[in-house]
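These figures come from a predicted structure and were not determined experimentally. Naming convention: chains lettered A, B, ... in sequence-line order (proteins, then strands); numbering from 1 in each chain.
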Amino acid sequence: MRAVITVIGYDRVGLIAGISAVLAESNVNILDISQTTMQDLFTMMMLVDLDGLNIDFSELKDRLESKGKELGVDVRIQREEIFKSMHRI
Amino acid sequence: MINQYEILETIRMIQNEKLDIRTITMGISLRDCCSEDSAKSCEKIYDKITKCAENLVKTGEDIEREFGIPIINKRISVTPISIIAESSKDADYIRFAKTMDRAAAETGVNFIGGYSALVHKGFTDGDRLFIKSIPFALSETERVCCSVNVATTRTGINMDAIKQMGTIIKETAQRTADKGGLGCAKLVVFANAVEDNPFMAGAFHGIGEPECVINVGVSGPGVVASALKKAKGADFGTVAETIKNTAFKITRMGQLVAREASSRLGVPFGIVDLSLAPTPEIGDSVARILEEMGLERCGTHGTTAALALLNDAVKKGGIMASSYVGGLSGAFIPVSEDEGMTEAVRCGALSIEKLEAMTCVCSVGLDMIAVPGDTPASTISAIIADEAAIGVINQKTTAVRIIPAPGMKEGDTVEFGGLLGSAVIMRVNKFSSEEFISRGGRIPAPLHSLKN
């Protein structure tokens, strides 16, 4: 199972490190990362593989969200299918 | 591997433009729950609903969490209860309504549809008892929704039923007068009712439906309005294309959620309903889409044309995005539930007459309109008859959900709260339809042949 993590907020030191640390603890493999700046907002997207996930999906979601709060950014994790199904036939 | 534009667009649609799945509705057949003994029948009904829908709410919440798409309602529809209850010896069917209410509360759904009867050609003895019970059922339960089909294109219009429904609607309003006549917000009178509608209050599990099924209703007026903002001043070909593209994306969400829910619950997937369903929230309004096309206010001249274009483009865009499309599938125009519609009534742009014209080109009908509390029952019946005629002649579904708000006068505002919103009391034609309605009988089925 793969998911997309999006991080939206103001850029600062330690964003990628903070999110990646949560993922590493949960045994989640990062497949791809891309980042961009949109209307002054820093946007980072990660495609991750959840096959080795050692906790519940909702637990991971909670941990990412609270890490986001700590770093002052919005963090979302959504199953990859939602993006695929909306845009690809 | 990551397409930033696609990901950000999806997130924007969900977060800023209120894209959501409006409802996952589980249809459950109760045809095996009949008994001469109503206590036994009700026990079977309760057991069946609570067993089939045991994991419905949890599954909906899981999908919501994993995919990051809000799923606003989880609901249940059942076989029209008059068909089940009439095997019993009960003189009224309140016990059945209360059983449905209890089962809905146990499973955690906010509404259960199917306190219904199909009387488009005539009444069985059970149907008569059922209809009499409606005002009590709606005032003594919280989650039960009721519908009555009074006409079809193939059979014509049952004017006896329409006459009776005028009185039933008035009685229901009286019995829920402390809440502004709220009971009537859960009572729909249909022509050409569909059997797989996932939306309340008119959902029921038709008799041609399987044992259990999952139907999904999408939403997203805000997404369509935002897309049209970017096409300001463009010609109608571009407007239609923009709506089609947006409807496709919205419906793909519905299809994904429907398939996922169906596989997790082990219940077959029925249909995705393409209806654009508004809510009272700002930015979630069908009226505002019409205004985005260039109308100063919804209800002014041009509104019917704008709505016709919208309704058709939504279907054309949505139909390829789902393997099975059904239900009502069109734009809804429930006045109290749509912030823009309510505002249009308040400022005098939108009247019942204009709404009636709009119902010729979009799904459903005079939906969630409030009228003065002293409106005669015969006038309400006549309003229903007009809508039924539009449905029957045009071979489409029409419906009336009308609230004669007790003690209220034209221009007053009645608050229903939540998704039902608030309604401004609309003007009703003062001239009588009494003699017309008192005739009774049936209006014969219209001619749709002589095609040689």
Side-chain angles (χ1 to χ4, degrees), chain A residues 1-9 11 16 19-20 23 26 28-51 53 55-66 68 73-89, chain B residues 1-17 19-21 58-71 216 218-220 223 227 244-264 269 272 317-323:
Chain A
M1 186 166 90
R2 306 201 306 185
V4 173
I5 296 172
T6 47
V7 179
I8 302 177
D11 199 7
I16 295 184
I19 301 296
S20 307
L23 297 176
S26 320
V28 173
N29 189 28
I30 300 170
L31 301 171
D32 194 4
I33 297 189
S34 88
Q35 62 179 64
T36 180
T37 307
M38 195 182 57
Q39 294 157 2
D40 292 341
L41 282 184
F42 168 79
T43 311
M44 178 178 76
M45 288 162 219
M46 284 177 171
L47 181 66
V48 298
D49 183 352
L50 299 178
D51 284 346
L53 182 66
I55 48 174
D56 250 16
F57 182 92
S58 44
E59 175 68 26
L60 176 64
K61 186 178 158 81
D62 290 347
R63 285 192 196 175
L64 284 169
E65 282 171 1
S66 62
V73 291
D74 275 342
V75 183
R76 255 181 222 95
I77 178 164
Q78 291 165 280
R79 293 261 299 266
E80 185 195 18
E81 293 95 317
I82 188 164
F83 304 104
K84 269 194 176 165
S85 74
M86 182 181 269
H87 300 278
R88 312 281 168 87
I89 299 177
Chain B
M1 280 167 55
I2 290 180
N3 183 320
Q4 291 187 353
Y5 174 79
E6 290 176 356
I7 290 174
L8 288 175
E9 185 186 24
T10 305
I11 289 176
R12 193 193 65 230
M13 285 161 83
I14 295 170
Q15 199 182 348
N16 303 342
E17 297 162 4
L19 171 62
D20 56 49
I21 301 296
K58 185 186 171 299
T59 303
E61 285 167 355
D62 286 348
I63 293 173
E64 188 170 0
R65 197 173 312 121
E66 287 172 34
F67 291 88
I69 174 110
I71 300 171
V216 164
V218 294
S219 178
V223 185
K244 275 160 65 180
N245 288 340
T246 313
F248 178 83
K249 291 175 185 171
I250 294 172
T251 311
R252 293 287 282 177
M253 291 292 92
Q255 170 78 8
L256 173 70
V257 168
R259 279 222 319 262
E260 196 65 30
S262 141
S263 98
R264 289 185 192 197
F269 157 52
V272 172
I319 205 141
M320 193 180 153
S322 170
S323 41

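Taking every heavy atom of both residues into account, A:Ser26 and A:Ile55 meet most closely at OG-CD1, 3.6 Å. The two residues B:Pro70 and B:Glu64 make their nearest non-hydrogen contact at CA-OE2, 3.7 Å. A:Ser34 and B:Gln4 get closest at one heavy-atom pair: OG-NE2, 2.7 Å. When all heavy atoms of A:Gly9 and A:Val73 are compared, the closest pair comes out as CA-CG1, 3.8 Å.
Every residue two or more places apart in sequence or in another chain that forms a side chain to side chain contact (heavy atoms under 4.5 Å, CB included) with B:Lys249 is listed here: A:Met86, A:His87, B:Glu9, B:Met13.
A salt bridge is absent between B:Arg252 and A:Glu81: the closest approach of a Lys/Arg side-chain nitrogen to an acidic carboxylate oxygen does not fall below 4.0 angstrom.
Only the side chain of B:Gln15 comes within less than 4.5 Å of a heavy atom in chain A; its backbone stays farther off. With a threshold of 4.5 angstrom between heavy atoms, A:Ser58 approaches chain B through its backbone and through its side chain. When heavy atoms are compared at a cutoff of 4.5 Å, B:Ile63 does not approach chain A at all. The contact between A:Ile77 and chain B is made entirely by backbone atoms, counting heavy-atom distances below 4.5 Å.
Looking at A:Asp51, its side chain does come within 3.5 Å of a backbone N or O of A:Met1 through a donor-acceptor pair.
The environment of B:Met320 atom CE is sparse: at most 12 non-hydrogen atoms of other residues, nucleotides or ligands sit within 6.0 angstrom.
Of all residues spanning residues 254-263 of chain B, those with a heavy atom less than 4.5 Å away from chain A's heavy atoms are B:Leu256, B:Glu260, arranged by number.
Interface check for chain A: of the options B:Ile250, B:Ile69, B:Ile11, the most heavy-atom pairs under 4.5 Å are formed by B:Ile11.
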